[in-house]
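When a ligand or atom number is given, it counts from 1 through the structure's own listing order.
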Amino acid sequence: MHVFPILLVLIAIIQIGRSADCKKEIKCQISRVFGMRAADCSNRVFRSFPQCLRADIEVIDLAMNRIRRLRYSDLKRYRHLKALYLQDNLLSTIAADTFDGLDDLTGLDLSGAVTIKIPENIFHLPSLQTLYLSNQLFTNIVEAIEKTKPITSPLAHLDLSYSELERLPNMGVLPTLLKYNVSGNNLTELRVEHFSGLCGLNYLINQNINLSLSNPCDCWSVNNWLKNKVTDFTPFDCQLKENLCESVPFNISDIVTHQDCRIKLKEISTRTFMRKVLLPAAIAFIIILVCVVCYCRRRRRLNKPPQYRIPAEEESVNSFPLKKFENS
Ligand SMILES: *[C@@H]1O[C@H](CO)[C@@H](O)[C@H](O)[C@H]1NC(C)=O
Ligand SMILES: *[C@@H]1O[C@H](CO)[C@@H](O)[C@H](O)[C@H]1NC(C)=O
């Protein structure tokens, strides 16, 4: 009956309510950063995630606010997010489904949270390349990674610095990782398996690390493992001199993990080559071919009634290679 008008009125009331709420919401500075729509909401005493930014926003900087918790509904509006900065908030709860469906998210900064359980599915976001998890207190990073591995996100840069880790996570095979910051953690365990699946690593940042390992010679195994594999790293400062440690062969499982990683890395570079070089080249070739074919057909059609040929045009047609086909 009259359901439709009532519905409209209801929607209108909700809209008005929302825009009234939005009048009250703290304003962010909107701009373009590297061609992306960005909202600078940093250091503005936000206590909850802003809900009045335009829904197609791609970058949100909420660093240094007072946000305590995050849920799926906080981010539901913003399905195009590519980068989200949440460092130095008072985050203590992040619901497991918070980042679900953020398929374009490439960068996430959760540094400086108070006590958070990192949702495991962060490590399966399909575009996530840069993840900052530094300066955490009481974090479950190591457990979360180990429980959810293999990591399927194309992580290229991971920062776990100053997060009170006693050991590094065993991440399994992660060929995409290029830069790994583990500075400022005081480790009681350091083993080759923490690095054996990181065959693409270029840059390991391990400053200000105090080691008190139960087996101090592990430190030399790790240094020797990394020596020929990581381009840029300073050896760990071991507690013992190397000549006091018996040299042990690398564990076969680490060698196998490394080989698996190399194979995956090759597959990735082949795929990248296909996508970035071969595919565009093939498309360009097809376009040129289509153009040539169209051109020739047009020429042939134009040349159909031979009675009215101008001598000059005839000459150019004769010199054209496709003339052969016409004869056959
Ligand atoms: C590594 O982390 C530390 C502490 O967060 C930071 O000061 C440093 O700049 C980082 N290094 C790099 C190269 O990102
Ligand atoms: C080799 O690695 C496997 C799996 O990580 C472990 O169970 C085993 O104890 C290691 N062997 C040695 C000799 O360290």
Query raised in the report: Is a side-chain N or O of S212 found less than 3.5 angstrom from the main chain of T188, in a donor-acceptor match?
Result: no
Query raised in the report: Is a side-chain donor or acceptor of N43 paired with a backbone partner of A63 at a separation under 3.5 angstrom?
Result: no
**Report entry** Pair E120 + K149, salt bridge at N-O below 4.0 Å
**Finding:** no
Requested in this report: Taking atom types as modelled, find out whether T231 and N202 have a side-chain donor-acceptor pair closer than 3.5 angstrom.
Outcome: yes
**Report entry** Side chain proximity check, L226 to F195, heavy atoms < 4.5 angstrom
**Finding:** yes
Requested in this report: Flag the pair E189 and R191 as a salt bridge only when some basic side-chain nitrogen lies within less than 4.0 angstrom of an acidic carboxylate oxygen.
Outcome: yes
Query raised in the report: Mind checking what residues have non-hydrogen atoms under 4.0 angstrom from ligand 1?
Result: D159, S161, Y162, K179, N181, Y203, I205
